[in-house]
Amino acid sequence: VLIGDTVTLSLVGTAHVVPGVLYQWRRDGENINSATGAQLVLNSVQLSASGTYTCLLSSTFAQLGTQESTSVTIDVQGANTCAGRADSPG
């Protein structure tokens with residue numbers, strides 16, 4: 001992922017369609033403020049967005065309890081500054 005890209009993380013499976021499910025996205029084990037939907041969109045990412053992301057799912061229904069999603073690691077890289085110029089000698 002490059003600096004400035006948009007990254008979208010979505011939950012896949014059946015738990016997210018159960019009524020009463022609550023979501024809390026996390027980066028490196030820490031809650032992300034206001035990230036409480038089934039999808040997390042990171043607009044114009046910066047280097048600080050690098051990390052391991054998970055989502056905690058909990059429910060008001062006892063059969064679900066609290067579960068953590070599979071993790072995904074995002075590694076934000078700087079823009080490619082090695083591109084050659086058309087007018088450079090070759």
Side-chain angles (χ1 to χ4, degrees):
V1 175
L2 295 178
I3 289 175
D5 284 351
T6 296
V7 176
T8 302
L9 303 178
S10 300
L11 296 173
V12 178
T14 57
H16 66 279
V17 297
V18 175
V21 173
L22 305 173
Y23 307 92
Q24 178 59 65
W25 286 92
R26 306 177 90 192
R27 181 173 45 99
D28 297 330
E30 299 293 326
N31 290 349
I32 301 170
N33 291 335
S34 302
T36 56
Q39 187 176 68
L40 176 64
V41 178
L42 304 171
N43 293 305
S44 189
V45 295
Q46 301 300 307
L47 293 174
S48 61
S50 293
T52 301
Y53 289 78
T54 59
C55 186
L56 292 178
L57 292 87
S58 58
S59 175
T60 55
F61 301 104
Q63 68 270 20
L64 179 60
T66 300
Q67 298 179 13
E68 187 169 22
S69 69
T70 301
S71 65
V72 62
T73 299
I74 295 175
D75 184 16
V76 180
Q77 301 290 314
N80 183 355
T81 58
C82 298
R85 291 177 35 180
D87 63 349
S88 59

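Count residues from 1 along the sequence.
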Next on the checklist: I'd like to know whether Val1 forms a side chain to side chain contact (heavy atoms under 4.5 Å, CB included) with Leu42, so could you lay out the CA-CA distance, the side-chain angles of the two residues, the decisive distance to 0.1 Å, and finally the verdict.
Outcome noted: CA-CA 11 Å; Val1 175; Leu42 304 171; over 6 Å; no
Checklist entry - Out of curiosity, does Val7 fall in the hydrophobic cluster containing Val72 (side-chain heavy atoms, cut-off under 4.5 Å, transitive links)? => result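 Yes, Val72 connects to Val7 through the hydrophobic network.
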With sequence neighbours left out, write down each residue that passes side chain to side chain donor-acceptor pair (under 3.5 Å) with [X], or none if nothing qualifies.
| X | answer |
| --- | --- |
| Asn43 | none |
| Asn31 | Arg26 |
| Glu68 | Thr54 |

State which residues pass side chain to side chain contact (heavy atoms under 4.5 Å, CB included) with [X]; sequence neighbours excluded, sorted by chain then number.
| X | value |
| --- | --- |
| Gln46 | Ile3, Ser44, Ser48 |
| Leu22 | Ser58 |
| Thr52 | Asp28, Ser71, Thr73 |

Checklist entry - Which pairs, with at least one residue in residues 33-42 and sequence neighbours excluded, count as a side chain to side chain donor-acceptor pair (under 3.5 Å)? => result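 Of all non-adjacent pairs touching residues 33-42, those that pass side chain to side chain donor-acceptor pair (under 3.5 Å) are Ser10-Gln39.
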Item to check | side chain to side chain contact (heavy atoms under 4.5 Å, CB included) between Ile74 and Val45, worked out | outcome: CA-CA 10 Å; Ile74 295 175; Val45 295; 5.9 Å; no
Checklist entry - Taking it one step at a time, do Tyr23 and Leu40 satisfy side chain to side chain contact (heavy atoms under 4.5 Å, CB included)? => result CA-CA 10 Å; Tyr23 307 92; Leu40 176 64; over 6 Å; no
Checklist entry - Gln24 side chain to Ile32 main-chain N or O, any donor-acceptor pair under 3.5 Å? => result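 Here the side-chain-to-backbone pair exists.
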Next on the checklist: Ignoring hydrogens, what is the shortest heavy-atom contact between Val76 and Leu47? Give both atom names and the distance.
Outcome noted: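 For Val76 versus Leu47, the nearest heavy atoms are O-CD2, 3.3 Å.
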Checklist entry - Got a second to check how far Tyr53's OH is from Ser69's OG, nearest 0.5 Å? => result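 With rounding to 0.5 Å, OH (Tyr53) is 12.5 Å from OG (Ser69).
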